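These numbers come from the heavy atoms of this one structure, side chains and all, not from hydrogens, waters or symmetry mates. Small disclaimer: the values here were computed from a predicted structure and weren't measured. In the text below, chain A, chain B and the rest are named by the order of the sequence lines, each starting its count at 1.
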Amino acid sequence: MPELPEVETVRRGIAPHLEGARIVRFEARRADLRTKLPSQLAARVTGRRVTAVRRRAKYLLIELAPRSPAGAEVMILHLGMSGRLIVRPIDATPPGKHEHIAFATDRGMEIRFSDPRRFGVLDLVALDALDADPRFAPLGPEPLSREFTPEFLVQTLAGSRTTIKAALLDQHRVAGIGNIYACEALFQAGISPRRLAGTVGQARATRLVAAIKDVLSRAIAAGGSSARDYVQSSGEAGWFQHSWAVYDREGRPCPGCDCGGSVKRVVQAGRSSFYCAARQR
DNA sequence: CGGTTGCCCTGGGGGC
DNA sequence: TGCCCCCAGGGCAACC
């Protein structure tokens, strides 16, 4: 489900419950997520204190205080396509069918990881090994960081013969954008998803960087406003409530202008792209 | 080497 | 109502 804004919303939702708390129980009902869970995971995290909950790209990073002989470590959690976290007071409610992992804190709260499609990932690595980890080392900059500028975008796209849409989904160029926000940002910037990435010059890059930052920021703000519901509920609450201009709106009139066009859908690299051919060039 | 394709899984929705 | 096909917000290995 989650792209950067959803993962950031989850981070903000769980951080107050986890930071400074101690993990008092950890159980995995099944270990076969997209990658197999590390062995002895429960024994390795039980009793550890959480020092920070961070995010990098679409990964949640739950940092654990050192405990001899282990140094500081970090639980790497990726929600995949269908993963979600549920925060709830500890009680006797049995786990749902897809609640594969649960852990409890010394503050009386329980975190459950639900993931029907099991594309999620949970791993545990040494904190000082994180930057060199093959999942993290190649990642591009955070799109909301000051590093992510029009000049950077022009440079990373220079000479590329893929489409701008595929380039935005390439986490090694810029990290955290998924299919929805790629579509939405390209619409807002007036750039066709079919444009070759190498033909994006300074003017388009300036519009695109601004659009990406705006779309992601607004989505985080929208998610943040309902994060409380998400935390209090059993997970079905509508924290994932965003309104999209073009995504999943094939055939609808192009919103926000009088171009007279309608939203088209094309498949690029196996993913649906939604755009207005009249407005986006 | 860079870029595209297939696959990992399950569930939901639309068409017939 | 039921069945079957298609589709899904991610990421990676295998392939050209």
**OP:** Please name all residues satisfying ring-ring contact (aromatic ring centres under 6.0 Å, His included) with A/Phe136, sequence neighbours left out, ordered by chain then number.
**Re:** A/Tyr59
Subject >> Phosphate-side-chain proximity, A/Arg271 and C/dG10, N/O vs OP1/OP2 below 4.0 Å >> reply: yes
**OP:** Take A/Leu18 and A/Ile111 through the test side chain to side chain contact (heavy atoms under 4.5 Å, CB included) and record every step on the way to the result.
**Re:** CA-CA 9 Å; A/Leu18 285 180; A/Ile111 317 286; 4.1 Å; yes
**OP:** Starting at atom CG of A/Asn179, determine the distance to atom P of C/dG11, rounded to an integer number of angstrom.
**Re:** 12 Å
With 3.5 Å as the limit, what N/O pairs link the protein to nucleotides 11-13 of chain B?
from   : atom 1 : to      : atom 2 : distance (Å)
B/dG11 : OP1    : A/Lys97 : NZ     : 3.0
B/dG11 : OP1    : A/His98 : NE2    : 2.9

Subject >> CA sep, side-chain torsions, deciding dist, call: A/Glu99, A/Ser114, side-chain hydrogen bond (donor to acceptor under 3.5 Å, both in side chains) >> reply: CA-CA 4 Å; A/Glu99 292 177 355; A/Ser114 169; 5.4 Å; no
Subject >> Pairwise side-chain contact, A/Val50 with A/Thr105, heavy-atom cut-off 4.5 Å (strictly under) >> reply: no
Subject >> Listed nucleotide nearest any side-chain atom of A/Arg265, set B/dT4, C/dA8, C/dG11 >> reply: C/dA8
Original post:
Among C/dA8, C/dG11, B/dT10, which nucleotide sits nearest the side chain of A/Arg34?
Top reply: C/dG11
Subject >> Short N-O contact, A/Glu110 and A/Arg25, less than 4.0 angstrom >> reply: yes
Subject >> Protein-nucleotide distance (A/Arg173, atom CZ; B/dG2, atom C1'), rounded to Å >> reply: 9 Å
Subject >> 5'-to-3' dot-bracket of DNA chain B (Watson-Crick, G-U; under 3.5 angstrom; crossing pairs as [ ]; | other strand) >> reply: .|||||||.|||||||
Please tabulate the protein-to-nucleotide N/O contacts below 3.5 Å involving nucleotides 14-16 of chain C, giving atom names and distances.
none

**OP:** Mind jotting down which residue pairs meet the ring pair (Phe, Tyr, Trp, His ring centres under 6.0 Å) criterion with at least one end in residues 19-41 of chain A? Sequence neighbours excluded, please.
**Re:** none
**OP:** Figure out the CD/C1' separation between A/Gln268 and B/dT4, and round it to whole Å.
**Re:** 12 Å
Subject >> Side chain proximity check, A/Lys213 to A/Val209, heavy atoms < 4.5 angstrom >> reply: yes
**OP:** Identify, with sequence neighbours excluded, every residue that meets side-chain hydrogen bond (donor to acceptor under 3.5 Å, both in side chains) alongside A/Arg207.
**Re:** none
Original post:
If you look only at pairs with a residue in residues 119-138 of chain A, which of them pass as a salt bridge (charged side-chain N to carboxylate O under 4.0 Å, His left out), with sequence neighbours excluded?
Top reply: A/Asp123-A/Arg135, A/Asp133-A/Arg135
**OP:** Could you check how far CG of A/Asp115 sits from C1' of C/dG11, rounded to whole Å?
**Re:** 13 Å
Subject >> Atom-to-atom span, CG of A/Leu169 to C1' of B/dG2 - whole angstrom >> reply: 16 Å
**OP:** Find the distance A/Leu79:CG to C/dG11:C1' and express it as a whole number of Å.
**Re:** 14 Å
**OP:** Please say which of A/His100, A/Arg29, A/Glu27 ends up in a side chain to side chain contact (heavy atoms under 4.5 Å, CB included) with A/Pro95.
**Re:** A/Arg29
Subject >> Pairwise salt bridge (charged side-chain N to carboxylate O under 4.0 Å, His left out) hits with a residue in residues 30-42 of chain A, at least two apart >> reply: A/Arg30-A/Asp32, A/Asp32-A/Arg118
Subject >> Verdict with supporting geometry, A/Tyr181 and A/Gln188, side-chain hydrogen bond (donor to acceptor under 3.5 Å, both in side chains) >> reply: CA-CA 10 Å; A/Tyr181 295 109; A/Gln188 190 165 317; over 6 Å; no
Original post:
In chain order, what residues pass the side-chain hydrogen bond (donor to acceptor under 3.5 Å, both in side chains) check against A/Ser272, with sequence neighbours excluded?
Top reply: A/Arg265
Original post:
Roughly how far apart, to the nearest Å, are C/dC6 and B/dG6 at atom P?
Top reply: 14 Å
**OP:** When you get a sec, tell me which of C/dG10, C/dG11, B/dT4 is the closest nucleotide to the side chain of A/Gln171?
**Re:** C/dG11
Original post:
How would you list all residue pairs meeting salt bridge (charged side-chain N to carboxylate O under 4.0 Å, His left out) that involve residues 164-192 of chain A, not counting sequence neighbours?
Top reply: A/Asp170-A/Arg173
**OP:** In whole angstrom, give the distance that lies between atom CZ of A/Phe274 and atom P of C/dA8.
**Re:** 7 Å
Subject >> Length of the line joining A/Leu33:CG and B/dC9:P, which is rounded to integer Å >> reply: 11 Å
Subject >> Pairs touching residues 61-81 of chain A that satisfy salt bridge (charged side-chain N to carboxylate O under 4.0 Å, His left out), sequence neighbours left out >> reply: A/Arg44-A/Glu73, A/Arg48-A/Glu73, A/Arg54-A/Glu63
Original post:
Can A/Phe119 be called stacked on C/dG11 when the rule is centres closer than 5.5 Å and an angle between planes below 30°?
Top reply: no
Original post:
Under a 4.0 Å heavy-atom cut-off, which of residues 54-63 of chain A touch DNA chain C?
Top reply: A/Lys58, A/Tyr59
Subject >> Nearest-Å distance once atom P is located in both B/dT5 and C/dC7 >> reply: 15 Å
Subject >> Sugar-phosphate, base or nothing in reach of A/Gly178, heavy atoms under 4.0 Å >> reply: sugar-phosphate
**OP:** Take atom P in C/dA14 and the same atom in B/dC9, then report the distance between them in whole Å.
**Re:** 16 Å
Original post:
Picking from C/dG10, B/dC9, B/dT5, which would you name as closest to the side chain of A/Arg118?
Top reply: B/dC9
Original post:
Do any side-chain nitrogens or oxygens of A/Ser272 fall under 4.0 Å of OP1 or OP2 in C/dA8?
Top reply: yes
